[in-house]
Amino acid sequence: METDVATQSIKNRLLDAIKDAMRAGDKERLAVLRAASAAIKQREVDERIDLAENDAATTEVLTKMVKQCRDSAQQYREAGEAARAAAEEKEIEIISEFLPEPASEAEIDSLIDEAIVATGANSMKEMGQVMGKIKPKLQGRADLAAVSARVKSRLSTQTG
């Protein structure tokens with residue numbers, strides 16, 4: 001059974017977690033998990049696909065949810081709504097259980113270097129190619145906007 005969990009798709013692990021939360025009577029966790037499941041289902045319906053075996057697409061959906069929660073938490077904090085910000089952060093914590101381990105700074109730098117070498121990029125014109133190489137490896141594991149800023153910085157210092 002232990003190997004089953006390790007090889008189980010993100011979508012199936014999420015569905016199992018929903019059942020566990022129902023059995024445990026954990027309404028807060030259940031609501032977050034159901035929202036995540038609904039977002040995945042919506043993507044399946046919109047694109048007429050099954051994400052049960054597509055962890056990359058499932059990760060995209062969950063990453064988008066985490067980003068929305070982060071944005072909401074920040075807005076609530078700025079508005080002085082600490083309790084609502086904390087609720088959003090709790091959602092992030094729950095959803096993040098189903099995302100891959102975050103990439104380390106060193107791993108991100110290494111991937112940026114590899115992508116620059118692989119694409120032969122030496123100016124901002126090739127930034128899209130570099131990000132195209134990096135994105136699949138870091139999806140759900142790093143803030144891609146921050147990675148993009150680092151790539152931009154690296155390419156702008158190479159110019160000349």
#### Entry: Set of residues satisfying side-chain contact (heavy atoms from CB on, under 4.5 Å) with respect to S72, sequence neighbours excluded
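Listed in chain order: Y76, E88.
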
### With T59 via side-chain contact (heavy atoms from CB on, under 4.5 Å) - residues at least two apart
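Only I10, T63, L99, P100, Q139 meet the side-chain contact (heavy atoms from CB on, under 4.5 Å) criterion with T59.
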
### Query
Which atom pair, heavy atoms only, marks the closest approach of D26 to R29?
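What the structure gives for the nearest pair is OD1-N, 3.2 Å.
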
### Query
Considering all heavy atoms of both residues, which atom of K11 and which atom of I40 are nearest to each other, and what is their separation?
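K11 and I40 have their closest heavy atoms at CD-CG2, 4.3 Å.
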
Hey, could you give me the [atom1]/[atom2] distance between [X] and [Y], rounded to the nearest 0.5 Å?
| X | Y | atom1 | atom2 | value |
| --- | --- | --- | --- | --- |
| K41 | R34 | NZ | CZ | 15.0 Å |
| S9 | L15 | OG | CG | 7.5 Å |
| S96 | E101 | OG | CD | 10.5 Å |
| R70 | M65 | CZ | CE | 13.0 Å |
| M127 | L155 | CE | CG | 7.0 Å |
| L14 | T58 | CG | OG1 | 9.0 Å |

### Message
Taking the basic N atoms (NZ, or NE/NH1/NH2) and the acidic carboxylate oxygens, is any pair closer than 4.0 Å for E60 and K64?
### Response
no

Find out if a path of hydrophobic residues (ILVMFWY) with successive side-chain heavy-atom gaps under 4.5 Å connects [X] to [Y].
| X | Y | result |
| --- | --- | --- |
| I49 | L62 | yes |
| V117 | I134 | no |
| I18 | F98 | yes |

### Task
Please check if atom CD in E47 has more than 12 non-hydrogen atoms from other residues, nucleotides or ligands closer than 6.0 Å.
yes

### Query
Restricting to pairs with a member in residues 138-152, which pass salt bridge (charged side-chain N to carboxylate O under 4.0 Å, His left out), not counting sequence neighbours?
E105-R150, E107-R141, D109-R150

### Task
Give a yes-or-no answer on whether the side chains of Q75 and D71 include a donor-acceptor pair shorter than 3.5 Å.
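No, because no side-chain N or O of Q75 sits under 3.5 Å from a partner of the opposite role on D71.
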
### Message
Under a plain distance cut-off of 3.5 Å, with no hydrogens placed, do D113 and S110 share a side-chain donor-acceptor pair?
### Response
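The answer is no; no qualifying pair exists.
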
